[in-house]
Each structure stands twice: as C-alpha cells, then as structure tokens.
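For reference, the structure is listed below as structure tokens.
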Amino acid sequence: MPGFESFGEAERKEAQDVLDSGILMRYGFDAMRNGHYKAKSLEEELQSTLQVKHAQLVTNGTAAVSASLAIAGVGAGDEVIVPCFTFVASFEAIMMLGAIPVLVDIDDTLTLSPEAVKKAITPKTKAIMPVHMCGSMADLDALKEICDDNNLILAEDACQAVGGTYKGKYLGTYGDVGSLSFDFVKTITCGEGGAVLTNNPEFAKHADQFSDHGHDHIGNDRGAESHPVLGYNFRISELNAAVGLAQVRRLKDFIAVQKKNYTTLREALSEIEEVTFRTVPEGGEESYAFLNFFLPNLDTARKVIASFKEKGVDACFHYYDNNWHYVRKWEHLKDIKTLYPVSKEVKEGLSYLKHKTFDQSDHFIGRNISCLIKLSWTEAEVKERAKLMVQAIKESL
Ligand SMILES: Cc1ncc(COP(=O)(O)O)c(C=O)c1O
C-alpha cells in the first residue's frame, strides 16, 4: 500500500499553497486562505473518484471507523460483528463508542465469513463490519442480505482497500457507511488521514457535525454556529489534506502499476501446484495492494517466510505470527487491558474471548502469506523478486 513511495511535485505544490497562506485549518479564515480549501477539495475529489455522495475527511482511519459507526447510531452496549483477522484499529474504534466487538471467523476470502456472521447475531447486534483486508473484499451481497433480514447496519472498514471494487462499486461505498485510511503506508496517503463515506444524507450530515464538535457549519461565523449534537474533534489539517489531494488524483495510476506488478508475481507463483490464492468474491476486483497466497500447511508457511527474509524478499507477512493483525496475539483485548474502567456491558460482552477458538481462521491465516505490492519496483526487480519467491517456496515444500 505504497502511497509513501510516490511523494513528488504535485504533493509539494498542494502543500506549498497551504504554507503560503499559513491557514492550516479547514474551516474559516476565508479572507486569508487565497481560495484554498484543501480538505473540501479532497472531499469533492473523493466523491467524484469513488462515486459516493458524501466523503467526510477525518484525522485518521481509526477515527473514520469510529465516526462511521457513530453516525449510524452504533454505541454503548451494541454488538458489532467483525472479523478476527483485521488491524487492531477495527476493534479499538468499536470500543471507543462503548460498543462490543464480536470477533468471528474469516473464510478463504480472508474476510468475514457470512456463515460465521449468521451464527453470531444476537438481539444486541447493531452492525456488521466486514474489513476488506489486504486490498480485497468480503462477499458483500451475502452480508447485505443478512443485514437486511436482521435490520442491521453494514459498515465497511475499507481502510486497506481504497481503489478496489465490488460489482462496480468502490469498496467503502457499498454499505450504509464505509471508512478509509490515508495513513503513511496506505495506497494513497495524507501522512495521517481518513474518510467516512456514505450515500445516506442523514448520515452525511451527522458525519459533518460529529467530526467537528457538533458544529452545524451553517453561516460564516464559527462562534455563532449551533451544535445540534455532541461531537469530537476529528478534523484533518489542511496540510495533510493537501498531500491527499495530489495523491487521490493519482489513485488510478497507482492501482494500474500495482496490478501490473501483482500480475507478474501471481503468474510466477501460479506455476507451483501447492500454491493457491485467496478467493475474490464474484464481481469483485482487488486493489492489488497485496498478493495473498496459501501454502499447504503452517509449517511450510513459516519456512517460506524465513526463506524470504534470508533471500531479501521484503514486505511479506505471515499474519499468524504477527502481533497486530490476528486474534491469536491480542492478549490485551482478551484481558481488557484498558487504562480506564470500561462498562459492565463491555466486560461481559468480551468475556467470550477467554474461551472462543478460531479454528477455521487458523486454517487460513496459518497458511497465508501476504506480500505488499510496491509502485517503485522496476520490471527487472519484479522479475527477480518473482524468481526468488518461487525458489524460496520450492525449497520449503
Ligand atoms: C483494516 C484497518 N482499519 C483501520 C485502520 C486504521 O487506520 P489509521 O492508521 O489511519 O488510523 C487500519 C490501518 O492500518 C487498518 O488496516
């Protein structure tokens, strides 16, 4: 997810506009900002690029996930069904609202298993949150049907998948709400930044207000604005937004390069009979941010990742042994190690984690390797990488 690889003239120009005026805040100071509204412009650009009615920029992807749930009315004591393979931010964002993350198994898409979701629904369930890990998606039609049948919110955590699509819709725009991250290692970056996406006009208004202390943004006197709801400060700065504005205009080019590099690596690995690839649901197209493949068993996956390291094949991850992305290593969540007291509902709601096992997910994550796709590789470098990867896998089988 290499936005960081491509910081150039366009990003410098947009950031310089902001430095020239000195107006680092997105709201107000109209007379002093030389007509530059970088956050507003980036929101408009996201709306037209991703074909969504409302994009609300916020400080980061974690805030975007929280805000996306809050604007849809998810809060204290509500259960949100989420995959056990995700980045910790997904459950942090749920817990920030006093809600309870209900972790369930993934399937061979490496995202939420609709079957596991069905089994996890209780009277307290308020939302289902697929996480489109490593550039590809869950079976969104199946999840939408479950949501419709049970009157639940479909909230997509698309933080790792900007540019991917499902049945012609950009990831993050299919559900009731979606969230994106523009942190430093995402496909496009603001340095730090995130966005809430929605086509629902009521949620859009909530997003605008919630991310800025509840301001209604009516009129041009900030101090005189009303506060119809309580909110927070999740505002992005103009400097961050300026960088993102240059990056989003390059999104389609970035995706095309990712696709080319991904395809070269995939074709090389396809020649090994024992290697299989994650399932992409019918009608889906990955963002090609990662190439994900399965090996026959955990032991082989561990050997392959060690061999990649030895051969200098960088940026490949075996999430089974990683502290941040898989439930196996989330002791701080299982033991509810907060710095502050949490509610009785959250404590009771998380108690299932003490005994729940995730055998189906272990089966997939244990055998999976995820390789980041970079933009900056030359053709020769991708070919050399493919050769080394094939060698490492064959030697480990
Ligand atoms: C799936 C997922 N959700 C949320 C986030 C949070 O994004 P941010 O780092 O911008 O807070 C990340 C970041 O890596 C992520 O991978």
Side-chain angles (χ1 to χ4, degrees), residues 1-4 39 42 46 55-70 74 80-97 99 101 103-104 106 109-112 127-138 140 154-164 170-172 174-175 177-197 211 232-237 239-241 243-244 247-248 278 286-287 289-290 292 315 317 319 322-327 329-330 333 361 365 368 370-373:
M1 300 180 287
F4 68 88
L42 175 51
L46 283 167
Q56 181 73 44
L57 284 173
V58 290
T59 41
N60 55 58
T62 312
V65 179
S66 268
S68 72
L69 294 169
V74 178
V80 179
I81 298 176
V82 69
C84 63
F85 171 51
T86 180
F87 181 53
V88 293
S90 306
F91 66 73
E92 290 167 352
I94 294 166
M95 290 178 69
M96 216 196 75
L97 302 171
L103 305 181
V104 305
I106 56 154
T109 63
L110 295 177
T111 66
L112 267 187
I128 296 176
M129 189 165 87
V131 184
H132 306 313
M133 284 298 278
C134 308
S136 188
M137 78 263 11
L140 286 170
L154 182 58
E156 295 172 77
D157 177 343
C159 285
Q160 289 202 9
V162 66
Y170 280 96
L171 297 179
Y174 177 97
V177 287
S179 45
L180 297 177
S181 163
F182 305 127
D183 75 22
F184 196 50
V185 294
K186 295 300 187 288
T187 301
I188 51 173
T189 186
C190 291
E192 296 284 359
V196 177
L197 309 176
S211 58
Y232 288 102
N233 177 5
F234 286 158
R235 291 188 308 264
I236 194 166
S237 92
L239 269 176
N240 293 91
V243 174
Q247 291 257 303
V248 74
R278 87 189 290 178
E286 298 184 61
S287 74
F290 283 87
N292 283 275
F317 309 99
Y319 286 120
N322 170 297
N323 283 348
W324 293 92
H325 293 81
Y326 188 50
V327 63
K329 299 282 188 89
W330 293 343
L333 174 65
S361 307
I365 295 295
N368 167 253
S370 266
C371 292
L372 186 78
I373 302 295

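Predicted model only: the values in this text are computed from it and were never measured. Order of listing sets the numbers, starting from 1, for every ligand and every atom in it. These numbers come from the heavy atoms of this one structure, side chains and all, not from hydrogens, waters or symmetry mates.
Of all atoms in ligand 1, listed by their number and element, those nearer than 4.0 Å to a heavy atom of Val131 are 1 (C).
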Handout entry: Intermediate values then yes/no, side chain to side chain contact (heavy atoms under 4.5 Å, CB included), Asn368 and Asn292
Key = CA-CA 7 Å; Asn368 167 253; Asn292 283 275; 3.5 Å; yes
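The part of Asp157 lying near ligand 1 is the side chain, judged by heavy-atom distances below 4.0 Å. Both the backbone and the side chain of Thr62 come within contact range of ligand 1, each with a heavy atom under 4.0 Å.
Checked against a 3.5 angstrom limit, the closest N/O atoms of Thr86 and ligand 1 fall outside it. Residue Gly61 has at least one nitrogen or oxygen atom sitting less than 3.5 Å from a nitrogen or oxygen atom of ligand 1, judged on distance alone.
Remark: of the listed residues Asn240, Leu57, Asn60, Leu57 is the sole one forming a side-chain contact (heavy atoms from CB on, under 4.5 Å) with Phe182. When each of Val65, Leu112, Asp157, Ile94 is tested with Val82 by the rule side-chain contact (heavy atoms from CB on, under 4.5 Å), just one qualifies, namely Ile94.
Between Lys186 and ligand 1 there is a heavy-atom distance shorter than 4.0 Å.
Between Glu156 and His132, the side chains place a donor N or O and an acceptor N or O closer than 3.5 Å (distance only, hydrogens not considered).
Across every non-hydrogen atom of Ala64 and Ala195, the tightest pair is CB-O, 3.5 Å.
Considering only non-hydrogen atoms, atom 5 (C) of ligand 1 lies nearest to Ala89 out of Ser90, Ala64, Ala89.
For Asn322, the side-chain contact (heavy atoms from CB on, under 4.5 Å) partners two or more places apart in sequence, or in a different chain, are Tyr319, Trp324, His325.
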